[in-house]
Colleague: 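This is the structure I have questions about; it appears just below.
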Amino acid sequence: MPKEYYDHTAVETKWQHAWEEARLFLGTQKKGQDLVQKQYLLFAFAYPSGSGLHVGHVESKTALDIVARYDRMNGKDVFFPVGWDAFGLPAENYAIKTGVHPAETTKNAINTFRRQIKRLGISYDWDNEIATNNPGYYKWTQWIFLQLYNKGLAYQKDGKVNWCPSCQTVLANEQVVEGLCERCDSEVIQKDMKQWYFQITKYKDELISGLDTVDWPEPTKAQQLNWIGKKTGIEVTYPIKGSDKSITCFTTRPDTNFGATFVVLAPEHSLAIEVAQENATVAAYLEAAEKKTELERQQEGKKKSGAFTGLYAVNPLTGRDMPVWVSDFVLGSFGTGAVVGVPAHDVRDFQFVKFVNLQVTSSAEKIEVIRVIEATDGDRSDITATEHVYEDDGVIMNSDFLDGLSVSKAQEKIMDHMEAEGFGKRVTTYRLRDWLISRQRYWGTPIPVVYDPEGNPHPVKEEHLPWQLPTDVDFNPTGESPLKSSKEFIARTEKLYGKGWRPEFDTMDTFVDSSWYYLRYVDSRNTESLAISEQLNKWLPVDLYMIGPEHIVLHLLYSRFFTKFLRDEGHLAFDEPFGKMRHQGMILGPDGKKMSKSKGNVINPDEIIEKFGADTLRVYEMFMGPLEADKPWDVRAVIGVYKFLQRINRLVSSPTTTKDEDISLTQVLHQTLKKVTEDIPKLKFNTAIAELMKLSNAWEAAQKSGADMTVSQKEIVAKMFAPFAPFLADELYHQVTGVADTDFVHTSSWPVFDPELAKAQAVIIPVQINGKVRAQLEVASEDIADEDGILERARTTEEIQKYLQGKEIKKEIYVPGKIINLVVV
RNA sequence: GCCGUGGUGGCGGAAUUGGUAGACGCGCGAGACUUAAAAUCUCGUGAUAGCAAUAUCGUGUGGGUUCGAUUCCCACCCGCGGCACCA
């Protein structure tokens with residue numbers, strides 16, 4: 001490094017230690033104290049992975065740290081805690097591979113993360129650090145379980161669960177990705193087990209309505225809504241011809257029911273199973289369908305298959321006989337497990353008809369396609385190809401008393417009619433299912449339940465909490481819960497509850513741990529309660545939550561459920577845990593692809609810090625682009641930021657050559673201050689940094705002509721850098737002001753810009769002829785309202801005159817302060 | 001297939017209640033300093049044509065609205081993320 005460069009390592013370690021020594025950002029819980037203006041900033045609970053901090057962590061942590069430092073300088077009470085989502089499968093899998101105990105792995109990983117984060121200069125309040133594997137924490141995870149249990153919201157249920165043969169554990173439906181295990185990509189099979197569930201569905205309607213009260217990105221809300229999946233539709237009952245039986249189908253499009261021409265049962269439907277007793281074709285089909293995995297059924301989605309039951313259902317609207325088929329494109333778990341087919345207005349139905357009509361021999365068995373909606377372009381032609389299937393809005397036709405109505409009006413009318421005639425019943429369905437929390441794993445919070453000798457579950461007594469995770473455990477997978485191998489665990493249970501009693505051997509889904517951590521922070525060392533109400537209601541809800549898009553559905557939904565439950569229990573006085581939420585984008589490798597070890601495109605933050613310093617890493621990542629966008633890493637651009645910080649250091653720390661302000665430089669300074677002040681709360685860090693770069697350019701130019709900033713102006717510059725490059729900023733602040741090393745730029749107050757100085761002095765107004773810029777007018781800012789005068793000037797400008805020769809001005813447009821357009825012919 | 005989201009120079013990006021497209025940075029080119037290099041500084045840098053002034057084109061593609069469109073409307077193409085054939 002050249003001599004004139006400041007030594008980033010020396011500067012950064014110096015201030016890191018000075019802040020630590022001064023306990024600068026600690027003790028912010030403020031128990032028993034009033035708050036000026038609270039600002040609870042929360043970073044998504046991080047899993048301390050063995051590979052250490054990732055540049056993606058750096059991005060979101062830095063973004064929040066900028067807000068934290070800025071808000072503190074603006075006099076707010078900032079609460080910015082940190083903790084670890086420390087239970088989880090990776091540590092257990094690592095233990096299985098290497099024999100190193102998960103507790104050991106986790107401790108080491110946390111130490112690494114802690115060191116890296118401190119080196120980055122994130123101004124966390126480490127006093128409140130928590131980790132979910134700490135008994136002092138999971139005591140309260142278990143306590144919440146007991147509260148849910150007492151209210152009947154934690155219950156056991158038998159049923160098919162997703163079983164991952166590799167992880168040897170059960171997965172929630174939500175954790176199965178395209179039939180594969182979310183974590184290890186093994187194919188998931190179905191298995192019967194007794195499991196613990198939380199009844200999140202109790203809150204389904206409030207989980208919907210609460211979204212109206214939070215400041216979240218709209219697409220995030222939409223994803224939550226889709227996940228909950230509230231749908232209003234109608235169950236229509238069709239009698240079966242020549243029988244006293246009937247089939248009930250659920251549909252959201254009853255408006256198309258005059259075009260219904262067939263019915264399909266899921267292979268799991270009871271009637272299908274009944275028919276299979278005497279119909280060999282159907283029996284064979286059911287057998288084949290049962291063998292298919294969820295994945296196969298998905299993959300074969302477009303390739304329809306099925307078997308005819310020989311039955312006909314009667315459409316009461318038309319009197320038409322509708323053949324009843326069995327097909328696995330209909331899901332047994334959704335609606336009623338039976339669907340009425342309208343091939344003209346549903347692509348899947350049309351494809352099924354195509355399959356059937358190729359299959360059957362007699363034309364009487366072929367299924368008809370009847371159009372009942374006229375397209376918005378007036379198209380009423382027959383539907384003969386998949387591309388013509390019309391699923392959109394339009395005008396109803398071929399539908400007796402519905403003809404001429406819009407889709408939505410027809411839906412209301414037909415549902416009224418079906419209910420009045422007694423063959424339909426309006427129903428609301430939800431996609432959301434209860435939350436399966438049992439895991440047959442070691443490295444998690446033990447479920448606080450014991451079983452009496454008859455096998456009946458009983459909650460662990462509260463005085464026995466924390467119900468400790470045993471350590472004498474063989475965590476190698478055997479297909480059974482690892483906790484079964486602990487002698488201590490069983491002995492403990494018998495000692496406390498009696499001979500023949502057994503503990504629950506399953507642990508909880510780690511999503512349970514992370515569904516309430518934001519509550520614990522505000523009173524993190526409390527041994528009597530999960531946190532006292534006064535602290536909870538003082539700090540929460542969270543004012544800014546920064547999480548990656550991968551947590552949009554599950555974590556948020558579960559956290560919101562816990563918050564609502566604890567509110568109902570009287571512990572919380574708010575309904576939603578996270579007021580404002582924003583997402584950071586992904587930092588991609590230099591090749592524009594997602595970073596991964598296998599692609600070899602991973603950028604290690606430690607290396608960047610060593611070469612260029614934490615300030616450079618921070619400023620670079622903030623300068624890459626908008627926070628929420630995915631951005632590729634550019635190795636060379638990092639150096640550009642490094643040089644920029646070196647230049648700022650040079651400019652601020654060089655001897656001040658003037659006492660008098662240079663007015664134009666002062667104006668630029670205040671314009672910069674205005675922009676930075678406005679951009680930080682909007683999280684528009686990339687443009688704020690661009691503005692600071694412009695300032696350094698203007699400053700350098702001013703120096704060449706003999707001008708300089710005054711000492712107090714340099715102080716403003718140092719303060720503006722404090723949120724972005726906190727180490728350099730403190731170094732410069734001390735150089736400029738000469739304050740003692742026990743004072744810090746981070747405890748100084750944010751400078752206030754002068755609106756007069758920040759205002760542009762003169763406005764450049766482009767003059768267009770027929771929309772093309774031909775000249776520019778410089779107009780003093782006090783004159784911009786003078787429309788006539790400005791238009792006159794525009795017309796008489798020399799460059800404009802030549803375009804007006806022999807032409808007539810048809811129209812003159814003046815947008816004050818923005819543009820002039822002369823329309824000529 | 002469905003849902004969401006995005007597409008702007010060689011690259012990252014800036015600018016949208018419709019008003020000079022390309023701020024800022026990277027890269028590249030030329031120059032200054034230097035024995036030389038590094039570092040630093042200066043100038044230039046959307047494309048095409050031209051010595052130049054300048055002209056024309058230009059924000060994924062094709063239309064439309066408008067005095068004026070990256071921004072609004074319609075259709076389409078491509079990338080990314082998510083997914084549950086959800087009736």
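Below, chains carry the letters A, B, ... as their sequence lines are ordered, and counting in each starts from 1. Keep in mind that the numbers below use all heavy atoms, side chains included, and drop hydrogens, waters and symmetry copies.
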Colleague: Quick one: which of B:U20, B:C67, B:C41 gets closest to the side chain of A:R647?
Modeller: B:C41
Colleague: Determine the interatomic distance between C1' on B:G22 and the same-named atom on B:U70; round to the nearest Å.
Modeller: 11 Å
Colleague: To the nearest angstrom, how far is A:K694 atom NZ from B:A15 atom P?
Modeller: 10 Å
Colleague: Round to a whole Å and report the spacing from CG of A:L822 to C1' of B:C67.
Modeller: 10 Å
Colleague: Round to the nearest Å and state the distance from A:Y814 atom OH to B:C67 atom C1'.
Modeller: 16 Å
Colleague: Choosing from B:U42, B:G13, B:U56, which nucleotide comes nearest the side chain of A:N686?
Modeller: B:G13
Colleague: Using only heavy-atom distances, determine whether the side chains of A:T220 and A:H583 contain a donor-acceptor pair under 3.5 Å.
Modeller: yes
Colleague: Is the gap between the ring centers of A:Y620 and A:F623 under 6.0 Å?
Modeller: no
Colleague: On RNA chain B, check which nucleotide each of A:A222 and A:V815 is closest to and give me the residue with the more 5' one.
Modeller: A:A222
Colleague: What interatomic distance, in whole Å, is found between C1' of B:C67 and the corresponding atom of B:U20?
Modeller: 15 Å
Colleague: For atom C1', what is the distance between B:G19 and B:A69, given to the nearest Å?
Modeller: 10 Å
Colleague: Rounded to the nearest angstrom, tell me the gap between atom CD1 in A:I689 and atom P in B:C26.
Modeller: 14 Å
Colleague: Less than 4.0 Å between a side-chain N and a carboxylate O, is that true for A:K221 and A:E218?
Modeller: yes
Colleague: Of the listed nucleotides (B:G19, B:C26, B:A14), which one gets closest to any side-chain atom of A:P626?
Modeller: B:A14
Colleague: Pull up the glycosidic torsion of B:G9 and say syn or anti, syn being anything within 90° of 0.
Modeller: syn
Colleague: At under 4.0 Å, does any side-chain N or O of A:K811 touch on OP1 or OP2 of B:C67?
Modeller: yes
Colleague: Would you call A:E412 and A:R426 a salt bridge, taking side-chain N to carboxylate O under 4.0 Å as the test?
Modeller: yes
Colleague: For B:C28 and A:R636 - does any side-chain N or O of the residue sit under 4.0 Å from the phosphate oxygens OP1/OP2?
Modeller: no
Colleague: Hey, does the side chain of A:K704 come within less than 4.0 Å of B:U42's phosphate (OP1/OP2), counting only N and O?
Modeller: yes
Colleague: For B:A55 and A:R774 - does any side-chain N or O of the residue sit under 4.0 Å from the phosphate oxygens OP1/OP2?
Modeller: yes
Colleague: Would you say A:V369 and A:T261 make side-chain contact, with heavy atoms under 4.5 Å?
Modeller: no
Colleague: For a quick test of reading the model: is some side-chain N or O of A:K684 closer than 4.0 Å to OP1 or OP2 of B:A15?
Modeller: yes
Colleague: Looking only at atom P, what distance separates B:G7 and B:U61, rounded to whole Å?
Modeller: 13 Å
Colleague: Reckon A:K810 touches a base, only the sugar-phosphate, or nothing at all at heavy-atom distances under 4.0 Å?
Modeller: nothing
Colleague: Suppose you measure atom P in B:G25 against the same atom in B:G46; what distance do you get, rounded to whole Å?
Modeller: 15 Å
Colleague: In whole Å, what separates the P atom of B:A14 from that of B:C83?
Modeller: 28 Å
Colleague: Does A:Q776 reach a base, just sugar-phosphate, or nothing at all? Heavy atoms under 4.0 Å.
Modeller: base
Colleague: If you measure from the P atom in B:C24 to the same atom in B:C41, how many Å do you get, rounded?
Modeller: 15 Å
Colleague: Rounded to whole angstrom units, what separation is found between the CD1 atom of A:I639 and the C1' atom of B:A39?
Modeller: 13 Å
Colleague: Expressed in whole Å, how much space separates the C1' atoms belonging to B:U59 and B:G12?
Modeller: 16 Å
Colleague: Rounding to an integer number of Å, can you tell me how far A:F623 CZ sits from B:C24 C1'?
Modeller: 5 Å
Colleague: Does A:K631 come within less than 4.0 Å of A:E621, counting only side-chain N to carboxylate O?
Modeller: no
Colleague: In whole Å, I'd like the distance from the CE atom of A:M586 to the P atom of B:G12.
Modeller: 17 Å
Colleague: Flag the pair A:E678 and A:K674 as a salt bridge only when some basic side-chain nitrogen lies within less than 4.0 angstrom of an acidic carboxylate oxygen.
Modeller: yes
Colleague: Within this structure, what is the CE-to-C1' distance between A:M624 and B:C11, rounded to whole angstrom?
Modeller: 12 Å
Colleague: It should be established whether A:N226 places a side-chain nitrogen or oxygen under 4.0 Å from OP1 or OP2 of nucleotide B:C86.
Modeller: no
Colleague: Reading RNA chain B from 5' onward, which residue's closest nucleotide shows up sooner: A:V340 or A:K594?
Modeller: A:K594
Colleague: Side-chain N or O of A:K643 less than 4.0 angstrom from OP1 or OP2 on B:U40?
Modeller: yes
